[in-house]
Participant: 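Structure incoming, see below.
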Amino acid sequence: MKNINRFKIETTLTIWLPLLVSLLFWNKIPNRLPTHFNAQFVADSWSSKLVAITTLPIILTIAQLFLILVISKDPKEGNIHPRVQKIVFQSCLFCQ
């Protein structure tokens, strides 16, 4: 169980790592970033760099917290194998 708790922290930090790297290059990032593309791969929606950089980590953190809550409320008290728990938590990382 200790490994699972450590894994939760590691995956959450991994979700926020791109934001931290973006802060290092904040002055080099344009003020507007494309956030949506049409079928021809032409940008059709733009956002400020603050919104574009912070939205995905926030959404993924909320999703991960939801998954942690669902797994911790297992009615059969830990019936989920630790390997399956890791796969569930890693699913948030693959969304980036």
Side-chain angles (χ1 to χ4, degrees):
M1 192 60 157
K2 185 177 178 182
N3 288 337
I4 293 297
N5 289 333
R6 181 176 173 212
F7 189 74
K8 292 175 190 175
I9 293 170
E10 289 173 353
T11 53
T12 303
L13 291 175
T14 305
I15 288 171
W16 286 89
L17 186 64
L19 176 75
L20 298 176
V21 172
S22 298
L23 291 176
L24 292 173
F25 298 103
W26 187 259
N27 293 330
K28 295 182 180 186
I29 299 173
N31 288 330
R32 288 180 52 211
L33 295 170
T35 52
H36 190 269
F37 298 88
N38 63 18
Q40 290 77 32
F41 300 107
V42 177
D44 60 0
S45 179
W46 298 77
S47 297
S48 69
K49 65 180 167 181
L50 179 65
V51 171
I53 291 171
T54 58
T55 302
L56 189 59
I58 290 170
I59 291 171
L60 292 176
T61 301
I62 291 169
Q64 177 148 359
L65 291 174
F66 175 74
L67 292 172
I68 289 170
L69 178 70
V70 167
I71 288 175
S72 68
K73 298 297 181 186
D74 179 27
K76 295 189 178 182
E77 304 278 331
N79 194 26
I80 301 173
H81 192 275
R83 181 176 280 165
V84 174
Q85 288 184 18
K86 285 187 175 186
I87 292 170
V88 170
F89 297 138
Q90 285 176 338
S91 66
C92 286
L93 296 178
F94 295 121
C95 296
Q96 286 187 340

Participant: Side chains of L23 and I53: does their closest heavy-atom pair fall under 4.5 Å?
Facilitator: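 The answer is no; the side chains never approach within 4.5 Å.
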
Participant: Could you tell me the separation between the CG atom of L33 and the OG atom of S47, rounded to the nearest 0.5 Å?
Facilitator: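 Those atoms lie 8.0 Å apart.
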
Participant: Do T61 and F66 touch side chain to side chain, with heavy atoms closer than 4.5 Å?
Facilitator: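 Of all side-chain heavy-atom pairs linking F66 with T61, none is under 4.5 Å.
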
Participant: Do the side chains of L65 and I59 join up, straight or via other hydrophobic residues, at under 4.5 Å, putting them in one cluster?
Facilitator: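 Each belongs to a different hydrophobic cluster.
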
Participant: State the CG-CH2 distance between L56 and W16, to the nearest 0.5 angstrom.
Facilitator: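 The distance works out to 9.5 Å.
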
Participant: If you round to the nearest 0.5 Å, how far is OG1 of T55 from CG of L60?
Facilitator: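 Between L60 CG and T55 OG1, I get 10.5 Å after rounding to 0.5 Å.
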
Participant: side-chain contact (heavy atoms from CB on, under 4.5 Å) for S22 and I29? Distances and angles first, verdict last.
Facilitator: CA-CA 8 Å; S22 298; I29 299 173; 4.1 Å; yes

Participant: For residues V51 and L19: do they belong to one hydrophobic cluster (side chain heavy atoms under 4.5 Å, members Ile, Leu, Val, Met, Phe, Trp, Tyr)?
Facilitator: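 No: no chain of side-chain contacts under 4.5 Å links V51 to L19.
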
Participant: Are side-chain heavy atoms of L20 and L24 found at a separation under 4.5 Å?
Facilitator: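 SC-SC contact between L20 and L24 ruled out.
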
Participant: Closest heavy-atom contact between F37 and D44?
Facilitator: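 Residues F37 and D44, closest heavy atoms: N-OD1, 3.7 Å.
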
Participant: Side chains of L50 and W26: does their closest heavy-atom pair fall under 4.5 Å?
Facilitator: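 Of all side-chain heavy-atom pairs linking W26 with L50, at least one is under 4.5 Å.
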
Participant: About how many Å separate NZ of K49 and CG of N27, when rounded to the nearest 0.5 Å?
Facilitator: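 N27 CG to K49 NZ: 6.0 Å, rounded to 0.5 Å.
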
Participant: Side chains of T35 and W46: is there a donor and an acceptor less than 3.5 Å apart?
Facilitator: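 Looking only at side-chain atoms, W46 and T35 do not form any donor-acceptor pair under 3.5 Å.
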
